[in-house]
There are 2 protein chains.
Amino acid sequence: MGTDSIAGGPGPRRGASQADVARIAGVSGQTVSRVANGARYVDAATRERVLLAMRTVGYRPNRAARALRTGRFQSIGVIAFELSSVGTTHTLDAIAAAAVEIGYAINLVPVLDDTDDAVRAAFNQLGEQAVDGIIILVETHRLDGVTVPEGLPVVVVDSSAQYDYPIVDNDQAHGARLATEHLLELGHETVWHVAGPELSFSARRRRTSWQATLEAHGRVVPPVLPGDWSTGSGYEAGLRLAGDEQVTAVFTANDQMALGLLRALHEQGRRVPEDVSVVGFDDMEEAAYFWPPLTTVHQSFDEVGRRAVDTLIREIHSTEHEEQEGLVPTRLVVRASTAPPRSTTA
Amino acid sequence: MGTDSIAGGPGPRRGASQADVARIAGVSGQTVSRVANGARYVDAATRERVLLAMRTVGYRPNRAARALRTGRFQSIGVIAFELSSVGTTHTLDAIAAAAVEIGYAINLVPVLDDTDDAVRAAFNQLGEQAVDGIIILVETHRLDGVTVPEGLPVVVVDSSAQYDYPIVDNDQAHGARLATEHLLELGHETVWHVAGPELSFSARRRRTSWQATLEAHGRVVPPVLPGDWSTGSGYEAGLRLAGDEQVTAVFTANDQMALGLLRALHEQGRRVPEDVSVVGFDDMEEAAYFWPPLTTVHQSFDEVGRRAVDTLIREIHSTEHEEQEGLVPTRLVVRASTAPPRSTTA
DNA sequence: CTGCGACATGTTGACGTCAACAGGTACAGT
DNA sequence: ACTGTACCTGTTGACGTCAACATGTCGCAG
């Protein structure tokens, strides 16, 4: 029979090709291509015949061939660091959803550790990967020595402004200011801060903004407690703060650390919010069920993801750089972990 | 000059090709290919010359062309549902890491909602996507009417055994038994259960195993409290259980629901573990910092992800199906949320 | 009845890569 | 010297697709 066996072609798995469809439908390959791509100028009857043939043989266009021919891959690369962090995960989720909706595939490249080499390796991967653009979800500033392949469009999800690429992010500074001002307005003398990791720009922005807000209100700026996003580091910070009666208000750079902090305060017999008020950052799903329910800064990861994709697609289709910075507003969600201090100076 | 401008080729972005490297190095394209793929029989000097040429022009092999030629894409598709769930995220993270280490790319396809159509759409995507195999992280049993493209290797991360594909998962049944027995051994009369969503096989396995364990010990099986993995649903369940003095031990199908439950119990003045013991499932990072620290079942998502990739790769390279089921053992982590009941029948 | 635009289809070739084949050279064993 | 084997390199063609360029047909204005 005409159906030749597995032998012959290079790869093992060979689905039906455009040519097969063309033969069955009695048209040229080009017409099949036209139908597949929804081009104009195809007779309705012909189109039907082709579609039928496609269905019978189970035709699927070969992305590799298409990409080779057109130079377009309909795919965007996402470089992510530490998928397990709340923000990254949510953002990735939103990015994936947005990308799929416009027919783009997601090429996920994890950065295994935060050495320069790992980051470079990730970029190299994407260099030979078939992607039309890159979204960087990496939470480190270590992108210096790294060369982005050729003129690949790039969008960075980060609050730093030191790249030449468009940036999309939650408005960290605004959120941190909201959190700090909220505590001051409640009557607290000053606000302590448990920071995120040094290398994270988000963390840095939150810290800077907290400090600036305190200074703007003429308050003392207490020493920063170091943290690394983890619940454990929040717990450590909590143990250190619990001993100090002066501490009546704490702003932690994320919710997970806030959880650890709450736990440490409980253990040490400091009540929240009666003795100490706590504000987090992220508004992860669980935050509303902390004990007590956590006042925190809500971030719109969905919106960030969607905007990142939008921006990247626009970069891909346009020729010139548009260097806009897209900050998504954050908002304070007041729950039960904050209250006026017990002994207000009055 | 020889360097022709942007015009000419189809796509806009054209990096250096094998031919360019060949010209510079003064060899044939085939030799460049050999160097790129580490083939034997290339003279050391020649290899150096080629490598140098590669570096000068910044050559990166074109994955699309390679895939077209070889029929191999060095890429695996991951179909994931609800990225934001703890287990899925961790597993995806591990999968990505494992895949990258062996030079495979990850093609992430989210299932936007849990309708059949959405699942089918995801598969279709991967059908024309360039992937060598698929890992299914979808937490639903709705894979019935779905046709997996051709003979694409598939690995399912799920506890159901109803597919013809290899399965890798944490040993849910074992974990649930451990949790239940732990509570019985502490002296509790019986154990209540807050279940995960109906459609989830993991949830179902945990529930079935909990029930079987109770029956094996001749205990009364209390009615199941419905949940949907969310903290909120755990809270609801907690409110319902808090009123019943009979309830002294609860096993929730995941940690997030346990958090909600703890909160509800606190609110209603039921102390944990003095009045009620609670066991979760997942051992998410935060669990150790709940109030009180949560006794829970630890899952090795890393191991599951690694095994899933291993299995898939083996499927890709071998011709026949190996239908083994790889269950990764779980273990109980005892913290402070469990204790003997106050009034042991003695 | 000529000509021109809108419609409909087909032919050719190239995207970048690698498998298959086809030389080669060098050196061992006979 | 002759054969065989290990090594090294080049030539050719095809993977499946689509852009560019043919050809057509049809209907309608002039």
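Numbered from 1 within each chain, the chains take letters A, B, ... in sequence-line order. What you see is a predicted model, and the numbers here were worked out from it, not measured in a lab. Reckoned from all heavy atoms, side chains included, excluding hydrogens, waters and symmetry mates.
In this structure, B/R66 does not reach the C/dG16 phosphate: none of its side-chain N or O atoms is under 4.0 Å from OP1 or OP2. Regarding contacts with the backbone of D/dC8, every side-chain N or O of B/T46 stays at 4.0 angstrom or more from both OP1 and OP2.
With respect to the salt-bridge test (charged N to carboxylate O, under 4.0 angstrom), the residues A/D20 and A/R23 qualify.
Nearer the 5' end of DNA chain C, as judged by each residue's closest nucleotide, is the contact made by A/A44, out of A/A44 and B/A19. Between B/R49 and B/A65, it is B/R49 whose nearest contact on DNA chain D lies nearer the 5' terminus. Where B/A36 and A/Y41 each meet DNA chain C at their nearest nucleotide, the meeting point lying more 5' is that of A/Y41.
Taking 4.5 Å as the limit, some side-chain heavy atom of B/V156 sits within range of a side-chain heavy atom of B/Y165. Side-chain contact between A/I313 and A/I102: present, with at least one pair of heavy atoms (C-beta onward) separated by less than 4.5 Å. Considering only heavy atoms from C-beta on, B/V50 comes within 4.5 Å of B/V21 through its side chain.
Atom pair A/N62:CG and D/dA14:C1' shows a separation of 13 Å (rounding to whole Å applied). What separates CZ of B/R69 from P of D/dC15 is a distance of 9 Å, to the nearest Å. B/Q18 places its CD atom 12 Å from the P atom of D/dG10, with the value rounded to the nearest Å. D/dC15 atom P lies 10 Å from atom CG of A/D20, rounded to whole Å. A straight line from CG of B/D43 to C1' of D/dC8 spans 7 Å, rounded to a whole angstrom. C/dG16 atom P lies 17 Å from atom CG of B/N37, rounded to whole Å. As a whole-Å value, the separation of A/R47 CZ from C/dC7 P is 13 Å. Taking atom CZ of residue B/F73 and atom C1' of nucleotide D/dC15, one finds them 10 Å apart after rounding to whole Å.
Set against C/dT17, C/dT9, D/dT17, the side chain of B/S17 has C/dT17 as its closest nucleotide. With C/dG16, D/dC18, D/dT9 as the choices, the nucleotide that has an atom nearest any side-chain atom of B/T31 turns out to be D/dT9. For A/L68, whose side chain is taken as the heavy atoms from C-beta onward, the closest listed nucleotide among C/dC18, D/dG16, C/dG10 is D/dG16. If you check D/dA20, C/dT17, C/dA8 against the side chain of A/Q30, the one that comes closest is D/dA20. Of the listed nucleotides (D/dG16, C/dG10, C/dC18), C/dG10 has the atom at the smallest distance from the side chain of A/V27. Looking at the side chain of A/P61, the nearest of the listed nucleotides D/dT9, C/dT17, D/dT17 is D/dT17. Checking D/dC8, D/dC18, D/dT17 against every side-chain atom of A/Y59, the shortest atom distance belongs to D/dT17.
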(request) For A/I95 and A/I106, run side-chain contact (heavy atoms from CB on, under 4.5 Å): C-alpha distance rounded to whole Å, both residues' side-chain angles, the deciding distance at 0.1 Å, then the answer. (result) CA-CA 8 Å; A/I95 287 174; A/I106 291 289; 3.8 Å; yes
(request) Determine, stepwise, if the pair B/L52 / B/R47 fulfils side-chain contact (heavy atoms from CB on, under 4.5 Å). (result) CA-CA 8 Å; B/L52 179 65; B/R47 167 172 282 116; over 6 Å; no
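Residue B/R40 is out of contact with every strand shown, counting any heavy-atom pair closer than 4.0 Å.
One donor-acceptor pair, N or O on each side, does fall under 3.5 Å between the base of C/dG10 and the side chain of A/R34.
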